[in-house]
Amino acid sequence: MKLLLITAVREFEKDIKLILKKAEVKSFSYKEVKGFKDNSEDAMEANWFATNMQETESVLFYAFVKEEKVDGLFDMVKEFNTEQVSKSNIHVAVLNIERCSN
């Protein structure tokens with residue numbers, strides 16, 4: 001069993017749900033969260049908001065998935081990100097679960 005974590009801007013919520021469905025992840029949870037990015041190292045001309053901290057409306061998905069589902073899901077996220085014209089992407093991570101109460 002693996003713990004899958006997915007973060008993205010809120011605009012990608014429907015896309016993530018579709019990816020999870022295609023990957024046959026039948027049960028998951030998600031929550032709206034605030035994302036922060038420290039832009040203090042960016043050149044002032046590149047920093048559109050002229051502030052060091054940028055807040056973003058984001059979503060966090062998490063699910064317990066079988067190991068055999070992980071690679072397909074990562075492939076779908078990679079394909080989605082490749083097709084994006086915006087700088088924003090879906091970020092996905094997977095963690096090993098040593099023990100689970102199922």
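- Here the side chains of V65 and L73 are not in contact, with every heavy-atom distance at 4.5 Å or above.
- The neighbour count for F28 CZ, taken as heavy atoms of other residues, nucleotides or ligands under 6.0 Å away, is above 12.
- Cluster annotation: V25 and L95 are assigned to distinct hydrophobic clusters (Ile/Leu/Val/Met/Phe/Trp/Tyr, side-chain heavy-atom contacts under 4.5 Å, transitive).
- Taking NZ from K2 and CD from E68, the interatomic distance works out to 10.5 Å, rounded to the nearest 0.5 Å.
- Note that CD of E11 is 7.5 Å distant from OG of S88, once rounded to the nearest 0.5 Å.
- A single hydrophobic cluster is not seen to contain both I6 and F64; linkage of ILVMFWY side chains at heavy-atom distances under 4.5 Å, directly or through other members, places them apart.
- To the nearest 0.5 Å, atom NZ of residue K21 and atom CE of residue M76 are 12.5 Å apart.
- Note on L3: it clusters hydrophobically with L60, by side-chain heavy-atom contacts below 4.5 Å among ILVMFWY residues.
- Atom CD of E67 is surrounded by 12 or fewer heavy atoms from other residues, nucleotides or ligands within 6.0 Å.
- In plain terms, the two heavy atoms of V59 and V9 that are nearest each other are CG2-O, 4.1 Å.
- Here L20 contributes atom CG and L4 contributes atom CG; the two are 7.0 Å apart, rounded to the nearest 0.5 Å.
- Residues Y62 and V70 do not share a hydrophobic cluster, defined by chaining ILVMFWY side chains whose heavy atoms lie under 4.5 Å apart.
- For the atom pair F12 CZ and S58 OG, the distance stands at 10.5 Å (nearest 0.5 Å).
- Rounded to the nearest 0.5 Å, atoms NZ (K14) and CD1 (I16) are 13.0 Å apart.
- Residues S27 and A63 come closest through the heavy atom pair O-CB, 3.5 Å.
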